[in-house]
Amino acid sequence: MAKTDSPALLAPGMHLLTLQDLEAVAVTPFPGAPRRAELFQGLLLWVGALRAHGLTGTLWIDGSFLTEKECPGDIDCVLWNAAWVDPSAATPEAQHQVAKLLDKASAEALYNLDFYMEHPTPAQVFHREAYWRGILGFCHDRITAKGFAEITL
C-alpha cells in the first residue's frame, strides 16, 4: 500500500531558501505542532556543527516536514558536495567528529534526519541530480509534482 501525502508547503520545483526561510515555511505556520520545532532545532544543531567544523555544501530538504502534516517523523535531506572550507582544518579529530555528523545512523538518532550524502564526479552529476529531483520532486503517487528546498551551508 502506497503512502499518502499531505498537501505540500512549496510549489513544484526547487526553492533556494535560507534556514530562516525554511523555518518560516515549515515551523512558524504550525504553532500547535511542537514536533516541527523540535525537528528544526535538530537540523540547526547539525548544520551548526558542520559549519563549526568548517564544512560547506548544498542541502536539499524534503519529506513530510515540507507538507502540512502536523507531526512529521523526521526531515529528509541530501547533502551535496560536502567540503572543508580550509583543508588544513581537517585535523584527525575534526575528521572524526565530521564523520560522526555525516553517518546516516547517527544523523537519524541524534538529529532526526533521514540523511543521504552525494559527492558525484562531474560525469555523474546530471544523473545523480535527476535521480534526487525525481525522488524529492514528486509525491508518493509518483505523479503529483511538489517542491523541495535547497539551502547552502
Side-chain angles (χ1 to χ4, degrees), residues 1-85 89 93-120 128-153:
M1 180 175 189
K3 286 184 175 182
T4 58
D5 292 291
S6 297
L9 297 176
L10 297 173
M14 182 172 20
H15 299 263
L16 303 177
L17 302 178
T18 65
L19 286 167
Q20 294 75 24
D21 295 334
L22 181 65
E23 182 178 29
V25 167
V27 181
T28 305
F30 301 90
R35 176 68 174 160
R36 287 180 164 278
E38 176 186 319
L39 290 173
F40 186 71
Q41 287 306 309
L43 177 67
L44 287 178
L45 288 171
W46 183 75
V47 167
L50 289 174
R51 286 177 172 164
H53 284 294
L55 256 65
T56 64
T58 301
L59 194 60
W60 287 5
I61 305 271
D62 185 45
S64 59
F65 187 70
L66 283 179
T67 71
E68 293 178 9
K69 184 176 182 180
E70 283 291 317
C71 191
D74 57 18
I75 297 177
D76 298 354
C77 63
V78 181
L79 178 59
W80 292 89
N81 302 313
W84 298 89
V85 173
E93 177 59 26
Q95 288 179 25
H96 177 72
Q97 293 298 320
V98 167
K100 289 185 348 189
L101 290 165
L102 299 180
D103 175 70
K104 181 173 177 49
S106 295
E108 178 70 35
L110 299 173
Y111 303 99
N112 293 301
L113 302 175
D114 184 9
F115 171 69
Y116 300 88
M117 195 160 77
E118 287 283 348
H119 206 290
R128 296 311 301 157
E129 285 187 356
Y131 170 79
W132 283 108
R133 285 175 187 265
I135 296 291
L136 304 178
F138 290 89
C139 293
H140 289 101
D141 66 8
R142 295 181 283 156
I143 298 168
T144 308
K146 64 183 176 78
F148 63 97
E150 177 177 279
I151 297 170
T152 302
L153 301 185

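Because the structure is a prediction, the values reported are computed rather than measured.
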If you measure from CZ on F148 to CD1 on I135, what distance do you get to the nearest 0.5 Å?
11.0 Å

Any chance you could lay out the ring pair (Phe, Tyr, Trp, His ring centres under 6.0 Å) test for W132 and W60, step after step, and finish with the verdict?
CA-CA 9 Å; W132 283 108; W60 287 5; 8.1 Å; no

Enumerate donor-acceptor pairs with a distance under 3.5 Å from any side-chain N or O in residues 11-18 to protein atoms, sequence neighbours excluded.
from, atom 1, to, atom 2, distance (Å)
H15, NE2, A11, O, 2.7
T18, OG1, Q20, N, 3.3
T18, OG1, Q20, OE1, 3.4
T18, OG1, D21, N, 2.9
T18, OG1, D21, OD1, 3.4
T18, OG1, D21, OD2, 3.2

Please determine whether side-chain contact (heavy atoms from CB on, under 4.5 Å) holds for the pair L113 and E108, giving the CA-CA distance in whole Å, both sets of side-chain angles, and the decisive distance to 0.1 Å.
CA-CA 5 Å; L113 302 175; E108 178 70 35; 5.6 Å; no

For the residue pair P120 and W80, establish whether any side-chain heavy-atom pair is separated by less than 4.5 Å.
yes

Separation of L19 CG from T152 OG1 (nearest 0.5 Å)
10.0 Å

Give the table of side-chain donor-acceptor pairs shorter than 3.5 Å for residues 65-77, with sequence neighbours excluded, one pair per line with atom names and distance.
from, atom 1, to, atom 2, distance (Å)
T67, OG1, S64, O, 2.8
T67, OG1, K69, N, 3.2

Apply the test side-chain contact (heavy atoms from CB on, under 4.5 Å) to residues E23 and T28: give CA-CA distance (whole Å), side-chain angles for both, the deciding distance (0.1 Å), then the verdict.
CA-CA 6 Å; E23 182 178 29; T28 305; 4.0 Å; yes

F138 ring centre to K146 NZ or CZ under 6.0 Å, with the angle to the axis within 45°?
no

Atom of A94, atom of A89 and distance for their closest heavy-atom approach:
CB-O, 3.4 Å

Applying the side chain to side chain contact (heavy atoms under 4.5 Å, CB included) criterion to L55, which one of L102, V85, L79 satisfies it?
L102

Below 3.5 Å, can you tabulate the donor-acceptor pairs from side chains in residues 37-49 to any protein atom, sequence neighbours excluded?
from, atom 1, to, atom 2, distance (Å)
E38, OE2, R35, NH1, 2.5
W46, NE1, L101, O, 2.8

Search all heavy atoms of V27 against all heavy atoms of R36 and return the closest pair with its distance.
CG2-O, 3.9 Å

Side-chain contact test, heavy atoms from C-beta onward, threshold under 4.5 Å: evaluate it for V25 versus L10 and give yes or no.
yes

Any heavy-atom pair between the side chains of E150 and T58 that's under 4.5 Å?
yes

